[in-house]
Amino acid sequence: MADHPLFLGNEIYRHSSYGPSHPLRVPRVSTVMDLARSLGWLPDHMYRTSPRARPKALVHWHAPEYIAALERAEDTQSVTEVERARFHLGTHSNPIYPEVFRRPATGAGGAILAGELLGKGKYASVYVPGAGTHHGMPGRANGFCYLNDVALGILSLRHHGLHRIAYVDIDAHHADGVEYGFQGDPDILMISIHEENLWPKTGLLSDHADGSAVNLPVPRGLNDSEMRYIQNHLVLPFLEHFQPDAIVLQCGADAVEEDPLAHLSLSNNAHWAFVKALMPYAPRLMVTGGGGYNPWSVGRLWAGVWATLAGFEIPDNAPTAAEQVLRGLSFPGHRLGRNPPEHWFTTLRDSPREGDVRPEIVTRVKALLQRSNRQRGGIF
């Protein structure tokens with residue numbers, strides 16, 4: 001087994017965009033790659049190009065007719081009204097763009113390869129920032145997600161001998177597609193921490209996917225102290241009991257305060273601490289990207305995730321080369337892009353956003369633990 005983690009990236013993300021008015025018009029994975037290289041964090045032996053999954057691999061979870069429609073949409077750059085209604089392609093959320101099949105298939109290919117490499121013991125951890133499309137459904141696109149690379153990654157882990165999988169999701173949005181795919185599976189533990197009343201408005205505290213899911217909707221303004229409380233009092237105890245063969249962490253970056261689509265108030269320190277806390281519980285660890293729609297906050301956060309996995313020290317101030325990467329970003333059409341604060345260019349680490357742990361957080365965590373005690377015979 002390699003004594004270092006592996007980063008799976010691809011140049012397809014550099015010039016690919018969902019369109020000039022879509023939240024995913026901003027560069028993300030390419031920024032992480034550029035920052036990591038500028039900091040000396042991505043030597044050749046730690047990087048591998050993510051392959052593109054072929055249709056025959058995708059239909060292990062997705063409907064063949066949907067995959068065919070997605071390929072056809074890329075070839076023709078259009079969909080029929082029937083296809084739009086059936087597959088949710090060509091909508092405002094899921095537009096047709098030049099790489100509409102190739103780009104999601106690359107994220108899926110990365111997750112599938114990560115599952116293989118982890119299952120075969122080649123690496124203990126693999127980072128796939130281009131994956132994390134947790135809303136995708138078997139027969140349709142959903143919430144910017146054309147494929148569900150997370151589900152395909154879990155299936156790949158299982159195919160290669162790792163059967164007991166914990167899936168932890170700290171994206172601001174609920175992991176509805178993953179929960180749909182593995183509902184009632186006794187060898188899957190899904191933990192989703194997400195903003196309450198935010199699209200897709202699933203993942204209620206009472207929803208447990210026939211015993212396979214732990215859903216914690218959190219109120220607006222979630223701070224670092226509250227996330228640490230959830231990490232230590234909910235997530236780690238569940239992992240300790242579940243004893244997974246592998247953990248998949250969906251590390252969406254939209255729970256930070258500067259994200260334009262969510263209303264949580266984390267700093268990137270919370271995500272990095274979460275990654276570090278999970279590592280001792282993961283015999284094998286796959287970390288993906290996910291949401292995140294401010295190019296500066298996503299790039300800085302996901303670069304720090306890689307540094308945490310690989311054991312690199314995150315400097316207090318961004319070196320000149322990293323600062324040039326950050327100054328080269330733009331956020332067209334959004335107020336956050338008109339006058340970005342200077343520290344988005346000159347630092348990688350946010351100022352911590354600590355605060356009180358609100359009673360509703362404590363109450364909800366206790367309710368989930370108590371329910372698990374009843375269902376599983378007093379494990380806590």
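FYI, the numbering just counts along the sequence from 1. Atom set for the values below is all heavy atoms of this structure, side chains included, hydrogens, waters and symmetry mates excluded.
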**Q** Just verifying a value: how many Å separate Met137 CE and His88 NE2, rounded to the nearest 0.5 Å?
**A** 10.0 Å
**Q** Does any non-hydrogen side-chain atom of Arg14 lie less than 4.5 Å from one of Pro27?
**A** no
**Q** Any sub-3.5 Å donor-acceptor pair from His62's side-chain atoms to Asn148's backbone N or O?
**A** yes
**Q** Which atoms form the tightest heavy-atom contact between Tyr123 and Pro5, and what is the distance?
**A** CD2-C, 4.2 Å
**Q** Under a 4.5 Å cut-off applied to non-hydrogen side-chain atoms, are Leu39 and Pro315 in contact?
**A** yes
**Q** Please check: side-chain N/O of Asn10 versus main-chain N/O of Ser50, any donor-acceptor pairing under 3.5 Å?
**A** yes
**Q** Could you tell me the separation between the OG atom of Ser297 and the CZ atom of Phe331, rounded to the nearest 0.5 Å?
**A** 8.0 Å
**Q** Please examine the side chains of Asn268 and Arg349, heavy atoms only from C-beta on, and report whether any two atoms are closer than 4.5 Å.
**A** yes
**Q** Given the rule in the side chain to side chain contact (heavy atoms under 4.5 Å, CB included) test, do Val235 and Ile193 qualify, once you have shown the distances and angles that lead to the verdict?
**A** CA-CA 10 Å; Val235 177; Ile193 303 155; 3.8 Å; yes
**Q** To the nearest 0.5 Å, what is the distance between CH2 on Trp41 and CG on Leu35?
**A** 8.0 Å
**Q** Report yes if the side chains of Pro217 and Leu204 come closer than 4.5 Å at any heavy-atom pair, otherwise no.
**A** no
**Q** Does Leu117 share a hydrophobic cluster with Met1, counting links as ILVMFWY side-chain heavy atoms below 4.5 Å and allowing steps through other members?
**A** no
**Q** Measuring from Trp296:CH2 to Thr31:OG1, what's the distance to the nearest 0.5 Å?
**A** 10.0 Å
**Q** Using atom types as modelled and distance alone, determine if a side-chain donor or acceptor of Asn215 lies under 3.5 Å from a backbone N or O of Leu205.
**A** no
**Q** Is Glu313 atom CD crowded by more than 12 heavy atoms from other residues, nucleotides or ligands, each under 6.0 Å away?
**A** no
**Q** Could you tell me whether Arg48 atom CZ has more than 12 heavy atoms of other residues or ligands within 6.0 Å of it?
**A** no
**Q** Are the side chains of Asn294 and Pro260 in contact, using a 4.5 Å heavy-atom criterion?
**A** yes
**Q** Strictly by modelled atom types, are His174 and Glu179 linked by a side-chain donor-acceptor pair under 3.5 Å?
**A** yes
**Q** Are more than 12 heavy atoms, taken from residues, nucleotides or ligands other than Tyr180, located less than 6.0 Å from that residue's OH atom?
**A** no
**Q** Compute whether any side-chain donor of one residue and acceptor of the other, for Thr347 and Arg300, lie under 3.5 angstrom apart.
**A** yes
**Q** Where do Leu8 and Tyr127 land on the side chain to side chain contact (heavy atoms under 4.5 Å, CB included) test, with the steps shown first?
**A** CA-CA 6 Å; Leu8 292 175; Tyr127 187 34; over 6 Å; no
**Q** For the residue pair Ser156 and Glu116, confirm or rule out a side-chain donor-acceptor distance under 3.5 Å.
**A** no
**Q** Are any non-hydrogen side-chain atoms of His60 and His159 less than 4.5 angstrom apart?
**A** no
**Q** Rounded to the nearest 0.5 Å, what's the gap from OG1 on Thr346 to CG on Leu326? Could you check?
**A** 9.0 Å
**Q** Hey, is Arg327 close enough to Glu342 for a salt bridge, meaning N to O under 4.0 Å?
**A** yes
**Q** For the side chain of Arg103 and the backbone of Ser16, is there at least one donor-acceptor N/O pair under 3.5 Å apart?
**A** yes
**Q** I'd like to know if Leu216 and Trp199 are part of one continuous hydrophobic network [Ile/Leu/Val/Met/Phe/Trp/Tyr, side-chain heavy atoms within less than 4.5 Å].
**A** no
**Q** Looking only at non-hydrogen atoms, find the nearest pair between Trp306 and Ala36 and report the distance.
**A** CD1-CB, 4.2 Å
**Q** Quick check: is Phe238 connected to Met227 through a chain of hydrophobic side chains (ILVMFWY, heavy atoms under 4.5 Å apart)?
**A** yes
**Q** Taking CG in Asp75 as the centre, count heavy atoms belonging to other residues, nucleotides or ligands within less than 6.0 Å. Is the count above 12?
**A** yes
**Q** Under the criterion side chain to side chain contact (heavy atoms under 4.5 Å, CB included), I'd like the reasoning laid out for Tyr293 against Leu24: C-alpha separation, chi angles, the key distance, then a yes or no.
**A** CA-CA 6 Å; Tyr293 308 96; Leu24 280 174; 3.8 Å; yes
**Q** Using a strict threshold of under 4.0 Å (side-chain N to carboxylate O), is an ion pair present between Glu258 and Arg353?
**A** yes
**Q** For Leu236 and Ala277, work out which heavy atoms get closest and say how close.
**A** CD2-O, 3.9 Å
**Q** Tell me if the aromatic rings of Tyr146 and Tyr18 count as close, with their centers under 6.0 Å from one another.
**A** yes
**Q** Report yes if the side chains of Ile361 and Pro219 come closer than 4.5 Å at any heavy-atom pair, otherwise no.
**A** yes
**Q** So, taking the atom named CE in Met46 and the one named NE2 in His4, what distance separates them when rounded to the nearest 0.5 Å?
**A** 6.0 Å
**Q** Check for a donor-acceptor pair, side chain of Arg25 on one end and backbone N or O of Pro332 on the other, with a separation under 3.5 Å.
**A** yes
**Q** Do Phe274 and Val305 have side chains that approach each other closer than 4.5 Å (heavy atoms only, starting at C-beta)?
**A** no
**Q** Can you find a side-chain donor-acceptor pair between Asp224 and Asn269 that sits under 3.5 Å?
**A** no
**Q** Where does the angle between the aromatic ring planes of His92 and His22 fall among parallel (under 30°), tilted (30 to 60°) and perpendicular (over 60°)?
**A** tilted
**Q** Any donor-acceptor pair under 3.5 Å linking the side-chain atoms of Ser78 with those of Thr76?
**A** yes
**Q** Where is the tightest heavy-atom contact between Val150 and Gly132, given as atom of each residue plus distance?
**A** CG2-CA, 3.7 Å
**Q** Please name the pair of heavy atoms, one in Ala172 and one in His194, separated by the smallest distance, quoted to 0.1 Å.
**A** O-CB, 3.4 Å
**Q** Can you name the closest pair of heavy atoms from Ala282 and Leu285 and give their distance?
**A** CB-CB, 3.9 Å
**Q** Strictly distance-based, threshold 3.5 Å: is any side-chain N or O of Ser212 a donor or acceptor partner for the main-chain N or O of Asp185?
**A** yes
**Q** Treating Glu195 as the side-chain partner and Val218 as the backbone partner, does any N or O pair qualify as donor plus acceptor under 3.5 Å?
**A** no
**Q** Which of these passes side-chain contact (heavy atoms from CB on, under 4.5 Å) with Met286: Ile154, Ile247, Leu157?
**A** Leu157
**Q** Could you tell me whether a side-chain N or O of His271 sits under 3.5 Å from a main-chain N or O of Gly252, the two making a donor and an acceptor?
**A** yes
**Q** Would you say the side-chain atoms of Thr133 pair up with the backbone N or O of Leu147, donor to acceptor, closer than 3.5 Å?
**A** yes
**Q** Do you reckon Val214 sits in the same ILVMFWY cluster as Tyr229, going by side-chain contacts under 4.5 Å, direct or chained?
**A** yes
**Q** Given the rule in the side chain to side chain contact (heavy atoms under 4.5 Å, CB included) test, do Arg84 and Leu89 qualify, once you have shown the distances and angles that lead to the verdict?
**A** CA-CA 5 Å; Arg84 181 179 291 108; Leu89 296 173; 5.9 Å; no
**Q** Does a sphere of radius 6.0 Å around NE2 in His15 hold more than 12 heavy atoms from other residues, nucleotides or ligands, not counting ones at 6.0 Å or beyond?
**A** no
**Q** Asp187 side chain to His163 main-chain N or O, any donor-acceptor pair under 3.5 Å?
**A** no
**Q** Would a hydrophobic clustering, with Ile, Leu, Val, Met, Phe, Trp and Tyr connected at side-chain separations under 4.5 Å, put Trp272 with Val168?
**A** yes
